[in-house]
Amino acid sequence: MTLRRHRSAALLAAAALSPILACKFEPRTPELHYSLNAKAIASNPDLAGDPGAQAQLEGALEMLVGTPRNPRFLTLPEWLADGFDPNFWGEDHVKADEAAWKALVESNQKAFHQQLAAIRDGRFEALVRPRFADDLWERWQSLRAEMPAGGPDAEFLTTDDGQKVSWREEALYRFENYYPSLASSAALYHNQCFHCHGAEGGGDGSTSRFLEPRPRDYRPGKFKFTALKGKARPRHEDVFRILAEGVYTTAMPSFRRFTDSQLHGLVDYVRMLSIRGETEILLASFYDPAEGLHFDNVRENYVDVVGRWRGAPEQLITLVGPIPQPTPERVAHGRALFTTPGEKGGANCVSCHGTSGRGDGPSVWEPGKVGIEYTKDDWGNPIQPRDFTRGVFRFGRRPIDLYRRIYAGINGTPMPEHIGMTITENGAQRAMTEDDIWDLVFFVRELSSQSPLVASAGGAERQEGH
Amino acid sequence: MKHFLLRALFTLLFLAVPVLGVWTFVKAEDWGLWFPPIASSYGGSIDFLFFVILWMVTITFIATEVLLVWFIFRYSKKDPTRATYTHGNHTLEMVWTAIPALLLIFVAFSQMKAWTTVKINFPSDGPYTVQKPLMEVYASQFDWRVRYPDAQGNFMGADVIEVPYDITVPADTKVVFRLKSRDVLHSFFVPVFRLKQDAVPGMEIPVWFEATKPGDYDLICAELCGWGHYKMAGKIHVLPPDEFQRWLAQKRAALYATD
Amino acid sequence: MSTHAPAHAARPIGIDPPGTVHVDHSHHELGFLRKYIFSTDHKVIGLQFLFTGLIMLLFGGLMAMAIRWQLAYPWTEMPVLGRLLFPATGGVTTPEGYTMLFTMHGTLMIFFVIIPLLTGTFGNFLIPLMIGAPDMAFPRLNMMGYWFWWPGIACILLSFGAEGGGPAAGWTSYPPLSTIEAAAPGSQWGQNFWLLSLTFVGVSSMMGAINYVTTIVKMRAPGMTFFRMPLSVWGLMVAALLQLFALPVLTAATFMQLFDRVFDAGFFTPTGVIINGTSPETLGNAAGGHPLLWQHLFWFYSHPAVYILVVPAMGFVSDILSVHARKPIFGYKPMVYSIAGIAGLGFIVWGHHMFMSGMNPSVGLVFMTATIMIALPSAVKVFNWIGTLWGARIHLTSAMLFALAFVSMFIIGGLSGIWMASTPVDIYIHDTYIIVAHFHYVVFAGSMMAIFAAIYHWFPKMFGRAMNETLGKIHFVGTFITLNGVFYMMHQLGLAGLMRRTADPYAYETYAHLQPINQFISWCAFALLAWQVFFVLNFFGSMFIGKRVGRNPWNACSLEWEAPSPPGHGNFDKELAVYHGPYEYGVPDAPRDFMAQTQKSPGLHAHA
């Protein structure tokens with residue numbers, strides 16, 4: 001009796017275990033997919049009620065920028081004739097800047113030092129697959145298969161300017177000069193950015209609802225922190241800077257642990273998402289059931305949006321000569337401009353930033369509401385004017401950064417453009433000039449340097465007479 | 001026979017504990033599972049203390065486990081006689097209380113110097129002291145930032161240099177800095193320095209180290225700070241002292257760039 | 001439990017004044033609810049803790065599997081659990097979801113599994129039986145102790161569905177991450193549920209602890225002096241004392257945190273912080289508090305708590321080893337003093353969790369010394385267990401195997417603690433996987449093995465049937481192998497610097513090569529969970545079709561084996577008098593190789 005029990009127990013055990021041991025699976029990452037902008041669709045009732053048209057729109061957008069797995073810009077013949085291929089937008093741009101390309105090569109050398117050392121020593125099997133650089137790895141595999149019969153140092157190819165390059169030199173070159181493809185950047189985006197910024201860059205990833213402020217929604221094409229005027233699209237450098245520096249006091253960290261090339265690639269991908277998003281919004285708002293979604297109006301909007309990005313660098317706020325020197329008179333003038341309200345002909349900074357520059361001026365309150373209810377920015381985030389006494393500046397604290405902030409304002413927020421703003425001085429009206437803006441910059445820097453700074457104990461209190 | 005097989009099976013199972021336990025430590029370094037190389041002046045003393053304990057612990061581990069395994073095997077033999085009837089041995093109790101006690105007291109006292117060196121005795125003879133630190137490091141959700149003071153040594157000036165992620169320090173210099181947190185608890189952990197200190201919001205905590213080897217080293221957050229804790233990385237760049245001064249000067253100049 | 005063999009109350013005589021305790025045995029028929037649900041019988045309550053604890057073990061284990069999946073295959077679809085836990089991302093763990101997973105895993109395992117299984121199950125079931133009492137001193141309080149646990153369970157399970165998800169600040173719940181709602185998604189309602197849950201669990205535990213101590217002090221059978229009690233009872237009594245003295249501090253701390261969260265009290269909120277874009281003071285929070293205050297209060301309880309997690313297990317293991325080795329426990333009195341020493345020292349070492357916390361480093365030296373000294377009584381216990389085996393006649397039953405595993409694994413857990421106790425070494429290893437390895441060895445490879453041993457050993461007494469030995473041995477072999485596969489390599493991972501609580505450690509290039517080992521560990525973990533099916537089949541199957549046994553299937557000495565299996569209401573069906581300790585195995589001139597505690601032994605040198 002007992003023996004039977006033991007035997008059947010053992011058999012039962014084996015039966016229970018075998019299905020578990022027998023099954024095997026491959027871990028899968030779910031594929032991303034660009035969905036439509038619900039708000040944009042909803043804003044056009046003709047489109048909202050027409051799933052067929054929405055499907056058409058989705059198809060049109062896929063034609064323009066592809067899918068997350070296989071992103072690529074639709075390239076128009078006139079662009080190619082012009083020498084512009086949006087699929088190499090970033091690479092061409094960065095290559096044109098010697099210093100930036102040099103930094104990119106250096107950062108690749110650091111990141112791929114194991115691979116480069118292995119190539120130099122001839123230990124080709126020992127190369128470790130780099131993370132988030134699948135395209136590089138594939139090119140390396142195919143290069144390995146093409147090793148010439150004469151060995152790694154045999155001549156392999158001739159460059160455009162007639163130089164003869166060995167196989168090994170070509171291998172080293174590929175690693176050092178690696179620039180990610182859009183697909184590779186999409187994969188990195190999926191891993192690092194998607195959970196906050198969402199698949200389409202709508203700032204609606206799973207983590208986004210817990211963040212204050214919300215992650216940026218790229219789709220309207222508005223970016224707060226640029227070095228440009230006229231509400232222009234950001235330069236490549238501007239977006240790169242956000243990735244490299246992060247945005248302090250928000251959940252956007254610095255991503256410097258990735259290489260320069262990976263960050264440049266992400267800039268390209270973000271640009272693509274923004275172009276897609278803005279084109280989508282335009283097509284959705286202009287959709288007319290009578291006309292339908294023709295290639296012509298798709299193309300027209302696409303070219304328009306791309307054109308805005310291409311033309312942006314012309315709007316750069318530049319400086320002729322070095323940064324001006326602050327003097328007590330200029331600081332006093334800046335203070336006067338800052339503290340004089342608009343109706344008295346000043347720059348009206350106090351209405352938002354408050355009399356002590358602590359971001360608590362009267363305009364911050366939503367009209368008609370009680371208590372602290374800040375006004376909202378264009379993305380719906382409650383926005384508090386900067387408290388200068390904390391010494392935090394989200395897009396940089398250099399004098400040129402402050403200058404550009406005040407000059408051009410901040411896109412999508414109540415911070416206006418100050419260049420050309422009408423002020424009254426000595427009884428006469430005039431427009432604000434660059435010098436006036438510098439005076440404000442000097443004053444703001446004074447404000448920020450008199451404060452106990454971010455995150456120190458007792459930071460909320462301003463120390464008198466410091 | 002069946003009984004012998006069972007005894008053997010279980011004995012081997014228990015024997016696997018000390019055997020594999022020691023073997024995996026012996027092979028650990030080959031598998032890349034070992035301490036990273038030391039790059040700070042006091043790192044060596046910490047590793048040394050670790051190894052002292054490792055030896056003591058390994059000997060104790062092998063001795064007790066092997067004894068346990070031997071007794072399991074030897075005394076699970078089918079034997080109709082009765083077990084040795086004893087309630088204990090007073091002398092043995094004294095011995096195996098006194099000896100571990102002395103060893104443990106030795107361990108405790110031998111640790112104290114290293115601890116006071118790292119956490120209590122801050123350098124007062126170098127270019128940086130607690131009152132005049134090299135930098136302030138801010139931890140926030142989910143970023144590391146460092147501030148170097150302006151040319152007057154003022155951390156609150158408009159010309160402070162603020163850098164995210166990259167923390168550059170000079171080699172062979174006793175570096176003192178203040179650790180702060182903007183929001184929640186974080187922890188400043190540099191494995192190669194053998195340095196760890198929690199960043200507490202509301203506190204400014206002095207920390208010091210002396211980097212001995214130029215290079216780039218990971219900075220890792222070592223206290224749960226929210227969903228981004230896993231990727232709150234930083235990089236410590238250790239430069240030779242003159243190169244560091246050049247770097248700092250260049251950074252000061254770059255504040256006034258116009259690009 | 002069963003209703004055959006009506007019992008008479010055993011009135012204690014000689015030790016306590018008559019009339020000190022009066023157990024009412026008016027013979028009314030209890031309805032189903034009063035007999036099995038709201039029972040005041042300590043044995044029923046013990047089993048209630050057992051079943052509920054095992055279900056919570058399943059939940060905690062599933063959390064662990066989710067964690068291991070993410071560490072093996074980060075950001076991929078998790079089979080089975082993925083869709084349940086993370087529907088929005090198609091089964092992929094989210095970064096904030098990961099923080100919730102390890103918080104819930106720790107919380108469930110400590111407060112809802114190990115403590116209830118050790119103290120709730122066996123404390124309830126064994127204490128009256130082992131000391132010869134008919135029931136606990138306060139049976140109704142005992143029942144309330146179990147039922148107060150349920151609101152705690154409800155709260156912790158409800159927290160999964162809270163806005164923002166379950167608590168996500170770690171089971172240690174350090175502020176400001178836990179107190180400021182904006183700091184973590186789980187710090188919205190999830191964290192409130194966590195705090196409420198812990199309050200209920202604490203109240204439940206304290207009710208039980210009062211009962212245990214009173215029962216042991218006042219209701220021992222005649223002749224049952226303190227030094228004739230089995231070590232299980234000593235372990236349970238010391239654990240109960242730890243609960244009584246430490247829990248109030250945790251309850252106070254959880255109330256303070258609750259006040260911080262609900263009434264903006266500011267106990268732990270520092271001034272001048274900006275969390276997730278908001279300044280707490282702007283939102284109306286008081287400030288001027290200190291995060292370290294929470295840490296001190298929390299660890300003042302939670303360090304003795306870890307001894308609550310292990311001391312009863314040590315007691316059970318001592319008893320089980322002795323019974324199945326047919327030999328007295330080696331060094332009974334040193335064993336008692338060691339348990340007391342561990343518990344006493346346990347109150348002055350809490351700072352070793354805080355060496356890096358920013359507390360005054362000089363205080364760290366004090367805590368280091370005390371912590372290192374705790375290794376001493378633990379070592380003495382290990383030596384005594386090994387001494388118990390010397391010259392023994394070991395029966396390799398499932399219970400014995402698990403008890404031996406406890407000894408073997410506790411050696412590992414205890415020795416690794418010495419590194420952590422050393423403050424300079426802790427600079428490197430704090431918050432790495434060495435810490436994870438250490439506490440999993442003592443709590444899982446230690447206490448959980450002891451719980452299995454205790455179940456296999458006392459199951460016959462609980463249910464009147466034997467568990468299947470073959471299944472038990474199969475369960476043991478697989479569990480032993482897989483658990484070492486899971487936790488041993490964590491020591492080396494910690495040496496390499498792998499951090500705890502990181503959803504994707506391979507985000508750092510220096511850790512990228514650690515993924516294969518983590519995959520190995522994860523597969524061992526999945527196998528470990530799957531292997532428990534042998535235990536589940538054995539446990540539930542044997543309850544119904546296991547071989548029936550008599551009162552004393554193990555031929556053991558202690559009093560619980562004098563009662564019927566299972567014991568009836570009132571436990572014992574005869575008058576009890578105790579003549580010697582519970583470890584009289586292998587007595588040379590005795591008629592059998594053991595002498596029950598109630599057996600007179602004129603020639604026996606009665607060890608106190």
(message) I need the C:Leu177 CG to B:Asp183 CG distance, nearest 0.5 Å.
(response) 9.0 Å
(message) Quick one, B:Val17 and C:Tyr488 - any side-chain contact, counting heavy atoms below 4.5 Å?
(response) no
(message) For a quick test of reading the model, state the closest non-hydrogen atom pair linking C:Ser422 to B:Ile53 and the distance between them.
(response) OG-CD1, 3.0 Å
(message) If I compare all heavy atoms of C:Gly358 with all of B:Ile205, which pair ends up nearest, and what's the gap?
(response) CA-CD1, 4.0 Å
(message) Shorter than 4.5 Å, heavy atoms on both sides: which option in C:Gly387, C:Ala405, C:Ala392 has the most such pairs with chain B?
(response) C:Ala392
(request) Would you confirm whether B:Trp115, through its side chain, and C:Pro361, through its main-chain N or O, come within 3.5 Å as a donor-acceptor pair? (result) yes
(message) Can you tell me which of C:Met100, C:Met368, C:Arg326 forms the most heavy-atom pairs within a distance under 4.5 Å of chain B?
(response) C:Met368
(message) With a 4.5 Å cut-off on side-chain heavy atoms, are C:His290 and B:Met203 touching?
(response) yes
(message) In this structure, is the centre-to-centre distance between the rings of C:Tyr508 and B:Tyr230 below 6.0 Å?
(response) no
(message) Taking every non-hydrogen pair under 4.5 Å, which of C:Ile481, C:Asp504, C:Thr369 racks up the most with chain B?
(response) C:Asp504
(request) State which residue, out of B:Thr116, B:Val118, B:Ile46, fulfils the side chain to side chain contact (heavy atoms under 4.5 Å, CB included) condition with C:Pro424. (result) B:Ile46
(message) C:Ser362 vs B:Ile120, test: side chain to side chain contact (heavy atoms under 4.5 Å, CB included). Steps then yes/no.
(response) CA-CA 7 Å; C:Ser362 311; B:Ile120 299 178; 3.7 Å; yes
(message) Under a 3.5 Å threshold, yes or no: a donor from one side chain and an acceptor from the other, between B:Asp198 and C:Ser357?
(response) no
(request) Taking the side chain as every heavy atom from C-beta outward, state whether B:Phe14 and C:Leu401 have any pair of such atoms under 4.5 Å apart. (result) yes
Return all side-chain donor-acceptor pairs below 3.5 angstrom for residues 69-76 of chain B, not counting sequence neighbours, or 'none' if the list is empty.
unit_1  : atom_1 : unit_2  : atom_2 : d
B:Ser76 : OG     : B:Arg7  : NE     : 3.0
B:Ser76 : OG     : B:Ile72 : O      : 2.7
B:Ser76 : OG     : B:Phe73 : O      : 3.1

(request) Output the distance between atom CG (B:Leu224) and atom CZ (C:Arg500), rounded to the nearest 0.5 Å. (result) 9.0 Å
(message) For B:Asn89 versus C:Phe330, what's the shortest heavy-atom pair and its separation?
(response) N-CZ, 3.6 Å
(request) Give a yes or no answer on whether the side chain of B:Arg82 reaches the backbone of C:Asp589 with a donor-acceptor pair at less than 3.5 Å. (result) no
(request) Anything under 30° is parallel, anything over 60° is perpendicular, the rest tilted; go ahead and classify B:Phe189 against C:Tyr428. (result) perpendicular
(request) Sort C:Pro505 into side chain, backbone, both or neither according to what part of it lies under 4.5 angstrom from a heavy atom of chain B. (result) neither
(message) With a 4.5 angstrom heavy-atom cut-off, is it the side chain or the backbone of C:Thr99 that approaches chain B, or both, or neither?
(response) side chain
(message) To the closest 0.5 Å, what do you measure between CG (C:Leu404) and OG1 (B:Thr11)?
(response) 10.0 Å
(request) For the pair B:Lys196 (side chain) and C:Ile427 (backbone), establish whether a donor and an acceptor sit closer than 3.5 Å, ignoring hydrogens and angles. (result) yes
List the atom pairs, with distances to 0.1 Å, where a side-chain N or O of residues 22-39 of chain B and a protein N or O form a donor-acceptor pair under 3.5 Å, not counting sequence neighbours.
unit_1  : atom_1 : unit_2   : atom_2 : d
B:Thr24 : OG1    : B:Leu20  : O      : 2.9
B:Thr24 : OG1    : B:Gly21  : O      : 3.1
B:Thr24 : OG1    : C:Gln492 : NE2    : 3.0

(request) Kindly compute the distance separating CD1 (C:Ile429) from CZ (B:Arg194), expressed to the nearest 0.5 Å. (result) 12.0 Å
(message) Counting C-beta onward and ignoring hydrogens, is there a side-chain heavy-atom pair between B:His87 and C:Glu584 closer than 4.5 Å?
(response) yes
(request) Can you tell which part of C:Ala507 gets under 4.5 Å to a heavy atom of chain B, answering side chain, backbone, both or neither? (result) side chain
(request) Decide if the gap between the ring center of B:Phe50 and the ring center of C:Trp419 is smaller than 6.0 angstrom. (result) yes
(request) Might you point out which heavy atoms bring C:Gln295 and B:Leu185 nearest each other, and give the distance in Å? (result) NE2-CD1, 3.4 Å
(message) Minimum heavy-atom separation for B:His229 and C:Arg501, please, with both atom names.
(response) CD2-O, 3.4 Å
(request) Could you tell me the separation between the CG atom of B:Asp218 and the OG1 atom of C:Thr510, rounded to the nearest 0.5 Å? (result) 3.5 Å
(message) Would you say B:Gln111 and C:Thr423 are linked by a side-chain donor-acceptor pair, where the criterion is simply a distance under 3.5 Å?
(response) no
(message) I want to check something: taking the side chain as every heavy atom from C-beta on, are B:Tyr85 and C:Tyr585 in contact at a cut-off of under 4.5 Å?
(response) no
(request) Please tell me if the side chains of B:Leu68 and C:Trp385 come closer than 4.5 Å, counting only heavy atoms from C-beta onward. (result) no
(message) In the structure I gave you, are the side-chain heavy atoms of C:Phe383 and B:Thr97 within less than 4.5 Å of one another anywhere?
(response) no
(message) Does any part of the side chain of C:Tyr511, heavy atoms only, come nearer than 4.5 Å to the side chain of B:Ile220, both counted from C-beta?
(response) yes
(request) For chain B, find which of C:Thr502, C:Ile394, C:Leu396 contributes the most heavy-atom pairs closer than 4.5 angstrom. (result) C:Ile394
(request) Identify whether the distance between the nearest side-chain nitrogen and carboxylate oxygen of C:Arg393 and B:Asp79 falls below 4.0 Å. (result) yes
(message) Tell me if the CZ atom of B:Phe106 is crowded by more than 12 foreign heavy atoms within 6.0 Å.
(response) no
(message) I'd like to know which of C:Met409, C:Met489, C:Met499 tops the heavy-atom pair count under 4.5 Å against chain B.
(response) C:Met499
